[in-house]
Protein chains: 2
Amino acid sequence: MTIERPPARRVPSAPADAPAGSGGVGAPAFSPLYQQIKALILQSLQAGEWRPGDLIPSEQELAARYKVSQGTVRKAIDELAADNLLVRRQGKGTFVATHAEQHVQYRFLRLHPDHGDRASEGPATRDILACRRVRASADVAAALQLRAGETVVQVTRVLGLGGVPTILEDLWLPGQAFRGLTMDTLTAYAGPMYALFESEFGVRMVRAEERLKAVAASPAAAARLAVPAGTPLLSVERLAYTYNGVPMELRRGLYRTDRHHYRNELS
Amino acid sequence: MTIERPPARRVPSAPADAPAGSGGVGAPAFSPLYQQIKALILQSLQAGEWRPGDLIPSEQELAARYKVSQGTVRKAIDELAADNLLVRRQGKGTFVATHAEQHVQYRFLRLHPDHGDRASEGPATRDILACRRVRASADVAAALQLRAGETVVQVTRVLGLGGVPTILEDLWLPGQAFRGLTMDTLTAYAGPMYALFESEFGVRMVRAEERLKAVAASPAAAARLAVPAGTPLLSVERLAYTYNGVPMELRRGLYRTDRHHYRNELS
DNA sequence: TAGTGGTCTAGACCACCGT
DNA sequence: CGGTGGTCTAGACCACTAG
């Protein structure tokens with residue numbers, strides 16, 4: 001709301017008055033109109049004006065609202081669609097992307113069976129082992145940009161693929177945003193966890209970074225995954241972000257890779 | 001060369017004569033003009049009309065050549081730039097992407113030091129252990145789409161990062177395309193291997209797929225990487241493609257991950 | 001100053017979707 | 001059929017680079 005009128009036009013992204021050599025790299029660098037529109041749309045997404053799954057206004061309407069041409073709105077939406085924040089459907093409109101209703105289940109999971117595809121493997125089984133509210137350790141707090149000792153929700157679970165326990169993982173979530181999350185909520189819910197976060201807590205995960213290592217299974221982990229202790233496992237640490245680069249989840253997983261592999265595309 | 005005149009306009013991507021129900025999903029599906037332009041530019045790249053590092057004709061010139069508007073050429077180039085096949089530089093022109101001269105060394109290597117960045121680690125050391133012409137085993141032949149028993153070049157090498165042997169890998173390349181590749185060529189060349197492939201063999205790697213697993217170090221591998229046998233290692237199998245999805249390299253690497261991690265971005 | 005890519009506009013028409 | 005996104009055009013102006 002409070003849409004700027006007249007809308008910003010060709011505004012330098014850095015104040016033009018700064019004398020040369022104010023200490024930074026300081027290229028003047030103009031911010032194109034469509035980037036400003038993109039930012040405005042992002043604000044509406046973040047503010048919840050349009051929620052996951054919703055139809056957003058048509059390009060014409062947005063062009064009228066922001067007082068720019070349809071082409072400029074189009075370019076803004078193009079970039080948001082490229083980032084998987086919006087989904088365009090010809091003839092129908094543009095929708096806010098969601099982890100539910102999305103044909104790609106587990107959009108962030110890169111583990112695939114060595115033979116066949118995920119569908120042929122049948123549905124994954126999920127086994128919640130724990131859901132506790134604890135104080136964040138130093139490294140968890142740092143990753144989630146919290147103060148050490150702040151409350152976080154820690155979830156421990158095992159995922160089974162093709163009838164075999166394959167992934168053992170711990171999740172940490174900011175206690176503030178995930179106030180009502182309990183073991184019951186998790187076990188009752190069918191569908192991707194990120195879809196639950198969207199519908200119940202208004203937190204949409206948009207992007208993530210993963211760090212992979214090969215490690216030896218500890219006795220405890222080995223028991224959970226039904227392998228001998230010392231078995232090589234893929235360690236996957238994931239940090240997931242909402243809009244505007246705010247980290248909202250830390251995940252530490254151990255993947256069995258005897259019948260599965262982590263797939264990645266490079267370009 | 002033999003540019004279609006008049007240029008194709010709004011051509012159905014599937015022959016229009018096929019009676020309904022020729023066995024496929026069979027949506028008519030039109031192919032936009034800019035896709036056709038994109039394909040023509042791709043042909044020129046593939047044919048070597050413009051080589052890696054070259055400046056290609058300006059948008060205006062291409063628009064004139066193909067008899068379309070500049071905006072249409074622009075959209076074609078946009079997609080090729082998004083695929084990292086072309087690089088735009090404002091005020092200068094559009095260039096063919098290259099693995100050399102590119103500020104990002106090792107564009108396909110996702111291994112990063114746990115602390116600090118790659119630059120602070122100093123240059124990588126490369127140690128070529130072998131370069132032989134051998135007959136392709138069944139799996140290698142299948143991956144490279146060759147007949148079993150056809151000649152391939154097999155390279156074995158160790159990469160050192162920060163003074164520590166960190167990556168042990170085998171490469172297989174089609175013998176046909178890499179006729180003059182020898183141990184001497186490899187040891188003499190400074191810079192990324194893919195840059196050598198470009199300049200000496202005209203093979204430009206454009207895209208790759210990787211499959212990761214956690215494995216235990218064999219005694220032989222352990223010796224090469226200076227770790228105890230049985231140490232968990234990250235197994236990375238890479239299939240790299242040239243233009244048009246032709247596989248041109250199979251790589252099987254073992255990565256130490258005690259001081260490094262494999263980084264991946266999800267979105 | 002000339003040439004390049006980058007942005008923005010306005011308008012036309014097409015393909016797809018629901019009614 | 002009307003509304004949506006998708007394509008294509010033509011022209012104007014801006015920002016960056018180099019001679």
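Atom set for the values below is all heavy atoms of this structure, side chains included, hydrogens, waters and symmetry mates excluded. To find a chain, count down the sequence lines: A is the first, B the second, and so on, and within it residues start at 1.
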So does [X] pair up with [Y], basic N to acidic O under 4.0 Å?
X	Y	answer
B:Glu49	B:Arg51	no
B:Arg211	B:Glu209	no
B:Lys38	B:Glu79	yes
A:Glu265	B:Arg207	yes

Under 4.5 Å between any side-chain heavy atoms of A:Asn244 and A:Leu42, yes or no?
yes
Among [options], the one nearest [X] by side-chain distance:
X	options	answer
B:Gln90	C:dC16, D:dC16, D:dT4	D:dC16
A:Ser58	C:dT9, D:dG5, D:dT9	D:dG5
A:Tyr34	C:dT7, C:dG5, D:dT9	C:dT7

Quick check on [N]: is either OP1 or OP2 less than 4.0 Å from any side-chain nitrogen or oxygen of [X]?
X	N	value
B:Arg88	C:dT4	no
A:Arg89	D:dT4	no
B:Thr94	C:dT4	no
B:Ser69	D:dA10	no
B:Lys92	C:dG3	no

What is the distance from [atom1] of [X] to [atom2] of [N], rounded to the nearest Å?
X	N	atom1	atom2	value
B:Gln36	D:dG6	CD	C1'	15 Å
B:Tyr66	D:dT9	OH	P	14 Å
A:Lys38	C:dT7	NZ	C1'	15 Å
B:Leu33	D:dT9	CG	C1'	11 Å
B:Phe95	C:dG5	CZ	C1'	11 Å
A:Leu62	D:dG3	CG	C1'	15 Å
B:Glu59	D:dA10	CD	P	15 Å
A:Lys67	C:dC8	NZ	P	17 Å

If you find the nucleotide of DNA chain C closest to A:Gln35 and the one closest to A:Gln70, which residue's nucleotide is nearer the 5' end?
A:Gln35
A:His115-A:Glu121 side chain donor-acceptor pair, cut-off 3.5 Å:
no
Are the aromatic rings of B:Tyr106 and B:Tyr194 close, with centres under 6.0 Å apart?
no
Between B:Tyr262 and B:His112, ring centroids under 6.0 Å
no
Sort by first number and list every stem of DNA chain D: at least 3 consecutive Watson-Crick or G-U wobble pairs, both distances under 3.5 Å.
C:1-18 with D:1-18
Which of residues 72-84 of chain B sit near DNA chain D, with a heavy atom under 4.0 Å from it?
B:Thr72, B:Lys75
Cationic tip of B:Arg88 above B:Phe95 ring, under 6.0 Å, 45° of axis:
no
Got a second to check how far A:Asp54's CG is from A:Thr94's OG1, nearest 0.5 Å?
12.5 Å
